[in-house]
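Comments concern the structure below.
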Amino acid sequence: MTCLFWFSLAGNVKIGDTPIPEGVILLPVEKVSETVSLSPKSQLAGIRFQPAIGYGLIGHFRLTKTLPGPLKQALDSFNETTTPGALNEQIGVSQRHVERLFKHWMEMTPKQYQRILRVKRAIDYIREHSRANLAEVAHQFGFSDQAHMTREFRAIARITPGKV
């Protein structure tokens with residue numbers, strides 16, 4: 001999903017009829033345009049990210065209440081390597097509801113998001129441990145084998161583990 005980070009720096013800002021609080025706001029890109037209203041001396045900046053890129057930054061910013069609570073909890077749980085099936089126990093909503101939230105806000109399934117996180121974690125590990133055995137890295141991060149890890153790297157990061 002393409003998403004927008006809005007930085008509401010000062011003043012009153014509205015997108016459509018929705019007031020935007022000061023801080024960092026994460027919004028999905030909509031297919032219908034909205035009017036952005038700025039009061040005098042308002043300051044607003046924005047960054048547009050391509051699919052899944054912006055969500056890697058979520059942990060670095062204070063999020064407002066723009067993201068639904070269950071989705072924020074699911075994202076936090078995935079950062080702790082929780083499986084999609086265990087989410088309903090942790091955050092108190094059904095797996096199907098979490099899937100709908102992911103589809104609406106991120107245009108991907110929770111499983112696809114987890115695949116991206118797994119590849120990112122493996123890349124970070126390989127960068128820190130350049131002499132690591134790739135078969136062991138594959139096992140450590142939950143890939144079925146090194147070939148599976150290589151396919152996932154190519155599909156998600158457009159690079160092979162050996163080139164990292």
Side-chain angles (χ1 to χ4, degrees), residues 1-9 20 23-31 44-164:
M1 164 190 185
T2 304
C3 65
L4 293 173
F5 274 103
W6 285 102
F7 300 87
S8 181
L9 305 172
I20 304 298
V24 178
I25 316 300
L26 175 68
L27 294 173
V29 173
E30 297 291 337
K31 295 178 180 162
L44 181 67
I47 301 173
R48 179 175 181 244
F49 291 99
Q50 292 301 317
I53 301 298
Y55 293 96
L57 301 174
I58 283 178
H60 301 289
F61 296 108
R62 178 182 63 84
L63 292 175
T64 65
K65 295 182 181 182
T66 302
L67 280 179
L71 179 59
K72 174 77 171 89
Q73 289 175 307
L75 291 169
D76 291 342
S77 295
F78 283 145
N79 287 329
E80 299 166 7
T81 65
T82 300
T83 62
L87 278 178
N88 58 340
E89 298 167 11
Q90 278 192 320
I91 64 176
V93 297
S94 71
Q95 181 176 348
R96 180 67 187 123
H97 182 65
V98 172
E99 289 169 358
R100 281 191 301 269
L101 287 171
F102 264 83
K103 200 66 171 166
H104 174 75
W105 285 87
M106 301 176 75
E107 292 184 8
M108 69 177 71
T109 66
K111 187 65 178 170
Q112 289 167 321
Y113 181 76
Q114 259 192 326
R115 287 177 58 213
I116 293 167
L117 284 181
R118 182 168 47 178
V119 168
K120 182 188 178 311
R121 288 178 180 136
I123 287 171
D124 292 344
Y125 183 85
I126 291 169
R127 284 184 176 151
E128 288 180 27
H129 304 92
S130 60
R131 301 227 185 268
N133 179 301
L134 293 180
E136 291 173 7
V137 172
H139 176 72
Q140 179 179 344
F141 288 93
F143 298 99
S144 58
D145 56 25
Q146 185 176 343
H148 176 222
M149 181 173 72
T150 300
R151 285 190 305 275
E152 291 287 280
F153 268 57
R154 280 192 184 126
I156 293 169
R158 306 281 191 241
I159 192 170
T160 63
K163 290 188 179 180
V164 171

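Heavy-atom basis, side chains included; hydrogens, waters and symmetry copies ignored.
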To check you understand the geometry: which heavy-atom pair defines the closest contact between [X] and [Y], and what is its length?
X: I123; Y: F153; value: CG1-CE2, 3.3 Å
X: L134; Y: G162; value: CD1-N, 4.0 Å
X: V164; Y: I126; value: CG1-CG2, 3.7 Å

Is it the case that more than 12 heavy atoms not belonging to R100 sit under 6.0 Å from its CZ atom? yes
I'd like to know whether NE2 of H139 has more than 12 heavy-atom contacts from other residues, nucleotides or ligands below 6.0 angstrom. no
R118 NZ/CZ over F143 ring centroid, <6.0 Å and within 45° of normal: yes
Side chain proximity check, F141 to M149, heavy atoms < 4.5 angstrom: no
Any side-chain heavy-atom pair of P70 and L101 under 4.5 Å: yes
With rounding to the nearest 0.5 Å, note down the distance linking OG1 in T150 to NZ in K163. 11.5 Å
At what distance, to the nearest 0.5 angstrom, does CD of Q140 lie from NE2 of H129? 8.0 Å
The single option from Q95, H97, K103 passing side chain to side chain donor-acceptor pair (under 3.5 Å) against E99: Q95
